[in-house]
Structures are given as structure tokens and as C-alpha cells.
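Worksheet: one structure, shown below.
Protein chains get the first letters and strands the later ones, always in sequence-line order, with residue 1 at the start of each. On a predicted model such as this, the values are computed, not experimentally measured, just so you know.
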Amino acid sequence: MLAELTRRLLSTAIVVLGVVVLVFLLIHLIPRDPVDVMLGESASAADREALRQNLGLDRPLGVQLGEYLGGLARGELGHSLHHRRPIVELLAERIPATLELALAALAFTLVLALPLGLLAAVRRNTGWDRGAMAFSLLGVSIPNFWLGPLLILLFSVWLGWLPVSGRESPGALILPALTLGMSLAAVLSRMVRSSVLEVLGEDFIRSAYARGLSTRQVLTRHALPNALLPVITVLGLQLGTLLAGAVITEVVFGWPGLGSLTIEAIQSRDYPLVQVCVLLISLSYVLVNMLTDLLYAWIDPRIRLGESDAG
Amino acid sequence: MSECNHGSNNSRRMTDKLLTVRDLQVRFGEGEGAVRAVDGVSFAIDRGETLALLGESGCGKSMTALALLRLLPQPVGHIAGGQVLLEGQDLLALPEMRMRQVRGGRIAMIFQEPMTSLNPVMTVGRQIGEVLAAHKGLKGRAARARSVELLGLVGIPDAGRRVDEYPHQLSGGMKQRVMIAMALAGEPDLLIADEPTTALDVTIQAQVLELMRDIQRETGMAMLLITHDLGVVAGMADRVAVMYAGQLVEQASRADFFTEPRHPYSRKLFAALPDMDKRDRPLTVIPGTVPTLDQSFHACRFADRCASAWRTCHEVEPAWLEEADGRGVRCHLYDPAHPNPPAAGSEAEPDRLAARSAAPRDLLEVSRLKVHFPIHKGLFKRTVGHVYAVDDVDIHIPTGRTLALVGESGCGKTTVGKAILQLLRPTAGSVRFDGDELTRLRGEALRRRRREFQIIFQDPFSSMNPRMQVGDIIEEGMVAQGLVPDAGARRQRVEELLEQVGLRPEHARRYPHEFSGGQRQRICVARALAVEPRLIICDEPTSALDVSVQAQILNLLKRLQLELDLAYLFITHNISVVAYLADRVAVMYLGRIVEEGPVDRVLTDPQHPYTRALLSAVPRIDTDTGREVIRLEGDIPSPSNPPTGCHFHPRCPQAMERCRQAYPDRFERGSEHWARCWLLE
């Protein structure tokens, strides 16, 4: 297990390095002179030269990469051109908002998907099952940028229960979290259903019933813990999608998080900021996947304790 | 554990009916097309008694057991009628809440597959604890203490540590012991054991069966033993009930059943068993297949396959005929109401097989074969050791002869087969086929040579592509090897092959799922034969089949060997199949051959203590010969870390100091019979 952990951390580190280099090269993939793109063609030659030197674009690529990596290691992320502030400060404001939204969406996803999937599996081929699966199909099919405005129209404009946008009141979190979590909840409830169905057909479920356990005991102690193992993997992979979805959702609801910061940066051609945002989103994806694998290994004793020779 | 039935109250107890089943009906599905899996089964079990429910797959014996606990597969299976009385109380009428107290409390059940019957993410102690909490009100420390006690009782060493382990950390035999401990935890009056040892090796089976007998003696628990194995019945049962196509066809005491089975089906089951005495003729087979159960019957269900059947059997459904001593049979032969059958009942003995040519030369010569798998561990997956799967194995098979390779799971016998075929490249050693060294052949040369040696696997279904027609499956090898280039002639050849293995030419257009297990294995034989091989490696080809179907496949293999002069390497754990089919037998233990010789010598006069233990552990149908089972302690050790000296010494009842130090040399015992054991020095 310890060797596995070390191997996992090492391979993650290599992936992270790859991501950093790719993101660094991003600025050089711009089809024209990046300075032109950032400042516009009307900018003076002096301004251009200043920016070029500021960003270090006048030096060889290898040197630039070295300085970029060194800066990251020291925690220096540079300055935002548009906001004219250190990027670190901007992130300190925005990251908590995105984390809050992502966690709320995740909580909503779990609260909705687990019972729904379980219900559909246990009452397979009944109205419950078909209802749950119809809902899940709907959830997968509706895009965030449509669901968001729809919810705003219903709950904010017509009913007036919740704020339209912003992050000022606690209630403001509800609609963005719902919007963001919906498609993940839909995917996950299907996954839970098929996973529970598969586990319910296992021999150990039958022997649990033969011991005199109630249906509730069999489901909670035997079916769910086993059914959740594959679900965790899918959840980990889908969390990345959730982060990507946060970009759109944040814009729709004017949520002051990393996603809306990214869009602002792109619109204002603030390349240093775009770089950092893209880097952060990619890193969180890698990190979440690593945590998922470790969580999986820790939950499943067959991996945690290793397959024995006797088995 | 609370009560024991000693002497005086034993006789009174034996007349106590514990469980009475009356006219039990189990259906799958509704209406006209419903499958009547169990169709009017009645029997009773006394306290402390063992009733064996015997039958082949699909006869309804497991469904009967599940119905008693109301655990039929949902939502399709349901009980359509009858009574299940536990000391007079009808279980079928109990509300679900009360039924839960019966399950695990008064009736416990253990299943065929100990590997999959335990929850993999829960410690065994907690799983036993569930029974204690549900039926004995024990929780926490008291439950743990009792779990440890129970694990000790079923013979699990170091129970205090094992109680906190997960199922994957235990061997198959240990898992079945845990299942038994779990069943005992509720102190039930009746234990239902559904093929409890079918998935286990024969020496482990002997351990588990002995444990079950001991526990029954101590607790006075009754047992319903569901099995297809006549040998297990002979060793365990007080009474026997035989099931066929959803009905009981015979019921008798063990002694009566084994001395004089009455129903023609029961008699056929005995006749289909392979053994040494039947070597020179084909085995008796039951023609045809079991009728499907989605119909209503107006005649005897066995009539179409019965050699004794006459007109009445095809027109009138036989009634259950019971004698005063409880012996019963469902057959017109024993019904005084029907006119006596025509005398044609007796069957002609099958013709003797032709004698074979003498002293052929070796087709396959394997010497010093080694297959070692590296074990990778740690950060950089360094090789930290090897699994010595096959270690110095010598094998010779002459043209047209059969060598049986026997041993328990994990001994390396399948790896030997794969290494001979070069499906796995040997680590060292030589494999000479008809004088040519196969280990040096590569690429195209090896591929060309492959037509001469083929393999048949244990599971015929998973070894065929389900999306290919049978004709294409058989033809594939011919096309790959460029045999019979003309497509029309090739089709012709496929049809011939199908007929040769006892199928019909029109079967070529069907898919594998449309066939029964035995038919699928015939298709696999035809596929192997298509490229005209000279050697076929048969890897447990009959162990997934019922006895009556096994007989058909064994007959087929024997006939083909005579007709085509085929050599077989027959890999199996089934000793009676070896006795019937093999010329020579090699016994394998932990990667090495420990004894080899002519089949009659090895089976009647085994030299190695492991061979003796293996043979003695095989359940036999001769019930009262006073034969003693040599009990082997513990499990087979890991081949990655084999014991020093003789690999067998930790389990050997006769181990000496020398056995711990050096691996034994080869000692000859008569011509062509040798064993590796210091006792023979």
C-alpha cells in the first residue's frame, strides 16, 4: 500500500509537470504576436516593448520556461494585466467562492443520486424505477446554460424566493449549486442503479438474507458498500466535468469564482491570468483523480491489504 | 451447541419429524409458459437426520432448498403451492418478520461457492456477528468472543487473528469453514447445505465433510444435503431422495439405495460413473436430454430416455408408490395396478472396445520443463521472487495413448498444458513433439506446427465466440492453417466433423448458446479435430458437466482416440475419470510430479503419501468397506515460497527429519512406476 501510494504520488508529479509546461507553451501557441493580441494594434511601440520585457518574451524559450517554473516554485504567479494586481490576491478572493459552489453541488449530487439510484434498483421495473430514470435522462440532456436561466426565471423572477445572482446572501448558493450538480446527479444515479443491481445478484447478498437480516440491513450493510466502489471511480472522473461546468454556471449566476475570473481574463486578453486559471483547473482535475484512486484503495480491503496468496 | 443427543433419547428423537414438506410447487414466471421448477415435492426430515437430495443440474434441487427459506430469486420465482412445516408450523404462511427469525435462527443455509458467498468488504467476524445480533442478542465484545469461539470450533487455526480478516485473506476451504461457523452461530435445528464442497479440492472436501459430520454428532442438528455427487451421498446421508425434472423419483435409506436403486434413472446414474472396471467398454449413457419444465406432463418424465419404458410409461403419469418403511419410487415398473411390462427391460451390455496397437513410440517428450513467474513488488516493481508454477517436469506420451495429469488446484497442471502448447513460453526445459523442439519454434513456423496439437477447455461456452455460428467456429482453424482450400469441400468437412462428434450437420448454422453444456463440449471437440491434430490437451473437459453428460463426452474421446490414433494429455482432478480413460497417470503437487506410473499400479498401489491421501479423500460409493480417509492438515502451500526439502512434508503424516532437508530423489517401484519420496529409499 505504501509503495502504491508513493508510485501514485510520483506519477501525479510527472503529470503535473507536463501540465505546467503545456500551459506555459499556451502563450506561444497564439497565432500572432501575443503582445499584439494583448495590447491591440493601436498600442505604442514603447508599450509593446515594455510588455514584452515584462513578460520575458524577448528571451530564449528555455530561459523563459526556467524562470516560469522557478516563479511557480516560489509561489510567484505574476501580475494581472487587466486588474493590475498580483494574481495571488485575485485567487485568494475567488478560490473560496468556487470551492463553496463545488462542494455544495457535490453535496446536492450525492443527496439526490444515491437514494434515487438505490430506489430505482430496489424497485426495479416499477413506476419508481422508470420515473427516476426519466428524471436522470432529463438531467443529462439539459445543458447548464439553459437550466440556469430557467431556474432563475422560476425561483427568482416569478416566485421571488431566491436572489438572481451574486454571492451576498446564503440563499444565493442554492440555484448555482442545483444547476451545477444536476447533470452529475443524473449520471451518478444511473451508475448507482446499475451498480446496486449488479451487487444484489451476488451470492453474498443471498447468504445475508439467509442469515435472517432485514432488507434494510442487507441494503445498507452489504449492497451499498460494495455498490459504491465503482461509483466512487465515476464520481472522481466526473468531478473534473463539474469543475469545467463551474465556468459556465458562475457566469450565468454572476458567481465571483475562479470560473468567472477565467472568462473575464479571456475576454480582456489577460494572458498571465488565463495561464494561471487554466493551470489551476487542470491541477485540481489531476488532484481529484489521485484522491479518488487513493480513496478507492483505502475503502476496498482487497486493495488495501493486498491479495493474499491463499486467496 | 446447547444440546447433544446421546444414547437414550436418540431413538425417541429419530421419530420426531422436524421438517415436513408437502406437495411443494415452485414456478418461474406466470401463466402458460411458467417453468415448473419444482412440481409437487414431498419429503420429511427427522431431528438429527441427514437427507441427501440428489440430482443433476436443473432438476430443481437448489430451488427446493431456497423455497424452504422463501429465498427464491425475485421477482420471477414464486411458491405456487404446498406446505413447509417446521415442527408443525407452516413457514409459507408466516409473515416476513417472523420468517426472518427462522432464517439463520432455526434453519441455516450454506452455499456452493464459498468464494462469493461472503461480503468482500466486511471482516468475517462482523459477518458472523450479524447472526449473533439477529438471533442470540449478542453484540460488541460478547459477540466477538463468541465469533472467535465458533471459528475455533470449525477448525480455523489462530481464530483470534482470523476474526478480523477479510474474506480474500482466507483460502477456499477456510471460507467454507467460516460459512459453517456462521450457520452454527444461530444454533439452528436444520442446516441446508447446497453443494457445500463442489467448489473445493478433494482433500479440502474431505476435511469439510468430516467437520460437518462432527458438528452434527455434537449438536444433533438435522441436515438437508443437496448434491450431485453419489460419493458424497454415500459418506454423509441417512436417507436419499432423487430428483428428476422437478419431481422426486425415488426415496430410500442409504443402505437400500446403494445396494438396490430402483428407479431406472437412479440405476443409470450409477452405471454412468466412470471407473477402472469399465475401461474396456463404453460407459452407459442416458440418451436424450432432460425435458424442459415449461410444459404440463401427462406421462412419465423419464420415459423418452428410459430403456425399460413401454407403452404405459408414455401414456400415464406414474404415481408415487410408497412402502411402509418410507421407501418410495415413482415408476410404473413397481406399480401392481399396471400390467407387467414386456420383458425387453434388460439392456444389452455395451460392446467391448477394440484392442489397441502395441508399443507405439513417444509423440511428446517433455523434459525438465520449468515455468517460473516473476513476482514484482515495491516502488519500481523489482522482481523479488518467483512463483515456481512448474518446476522440473518430465512427461512422455506415446502416439494414441493417454497420460492423465492429476492434482489439486494451484498445483501447476494447467500451466504444464499451456507450456507444452507454447501458449506460455517455458522458463527452461525442452518440449519435443514428434522429434522437433517446440521451444525453439517462432512465429510462422510455430503457427504451422500448431495444427498438430490442440486443446479443449473446461468451460465450453466461454471458449467459443458467442457471435459466431458453430460451422464458422469449427472451420476457423482449417482456414487459418490453409487446410481444404475449397469452401464447398470445407463445409462438407464441417458436417462430417459434426456427425463424428454426435451432432447433426444442420447444427452448423446455429450459435453456441442454442446448445446444452454437453453439446457445446462436443462442438469444442469438433473444432479441435478440424485441423487433424495428433495430440489433444484436455484441460478438465468434463468437470463442468453432469455425470450422465460426462459419460457421453468420455465415450466420445475414447472412440476418437481409437479411430484417429490421438494422444491425450488429460488434465483433471477427477480420479474416477482417470481410472476409466488414462493409460498412465502423473500426480502433481506444487509444481512437481511426485509419482508416475501405469494407471492400474498408481491407483491400486500408490507409493507417495500424497497420492495415497488424494486417493483416500475421493468419496466412494462403496459405503461400508471400512476405508479410512487419510486426513491432510492445512492447505496447499504457496508455490512462491515452497517448503524446504520435500514440498509435501508440512502436510505429510509420515514426514521424517530428512524430508525437511532435501527434495527426494526418484525411486523406481517396478517397471515404469516411480515416486519421489524418501520412504521408498
Any heavy-atom pair between the side chains of [Y] and [X] that's under 4.5 Å?
| X | Y | value |
| --- | --- | --- |
| B/Arg100 | A/Leu213 | no |
| A/Phe204 | B/Pro120 | yes |
| B/Val121 | A/Ile299 | no |
| B/Glu130 | A/His222 | yes |

For this session: Measure the spacing between CZ of B/Phe111 and CZ of A/Arg206 and express it to the nearest 0.5 Å.
Result: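 Interatomic distance, B/Phe111 CZ to A/Arg206 CZ, rounded to 0.5 Å: 4.5 Å.
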
Exercise. By a 4.5 Å heavy-atom criterion (distance strictly below it), what part of B/Leu66 contacts chain A: side chain, backbone, both, or neither?
Worked result: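 Contact with chain A: side chain only.
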
Exercise. By a 4.5 Å heavy-atom criterion (distance strictly below it), what part of B/Met97 contacts chain A: side chain, backbone, both, or neither?
Worked result: neither

Problem set entry | B/His135 (side chain) donor-acceptor with A/Arg211 (main chain) under 3.5 angstrom | yes

Exercise. Taking the side chain from B/Thr116 and the backbone from A/Asp203, do they hold a donor-acceptor pair closer than 3.5 Å?
Worked result: no

Seminar exercise, completed: In short, B/Met179 meets A/Ser207 closest at the heavy-atom pair CE-CB, 4.0 Å

Seminar exercise, completed: Heavy-atom nearest pair, A/Pro301 first then B/His168, reads O-CE1, 3.2 Å

Exercise. Which bit of A/Leu229 is near chain B, if near means a heavy-atom gap under 4.5 Å: side chain, backbone, both or neither?
Worked result: side chain

Exercise. What part of A/Arg221 lies closer than 4.5 angstrom to a heavy atom of chain B: side chain, backbone, both or neither?
Worked result: both

Exercise. Of the listed residues (B/Gln127, B/Glu96, B/Met174, B/Glu165), which shares the most heavy-atom pairs with chain A below a 4.5 Å separation?
Worked result: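 Most pairs with chain A among the choices: B/Gln127.
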
Seminar exercise, completed: Looking only at B/Arg70, B/Met122, B/Met109, most heavy-atom pairs under 4.5 Å shared with chain A are made by B/Met122

Exercise. More than 12 foreign heavy atoms under 6.0 Å from CD of B/Glu87: is that the case here?
Worked result: yes

Exercise. Do other residues, nucleotides or ligands put more than 12 heavy atoms under 6.0 Å from B/Arg161 CZ?
Worked result: yes

Exercise. In terms of heavy-atom pairs under 4.5 Å, which option from A/Ser214, A/Ala208, A/Pro225, A/Gly201 contacts chain B the most?
Worked result: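 Looking at each of A/Ser214, A/Ala208, A/Pro225, A/Gly201 in turn, A/Ser214 comes out on top.
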
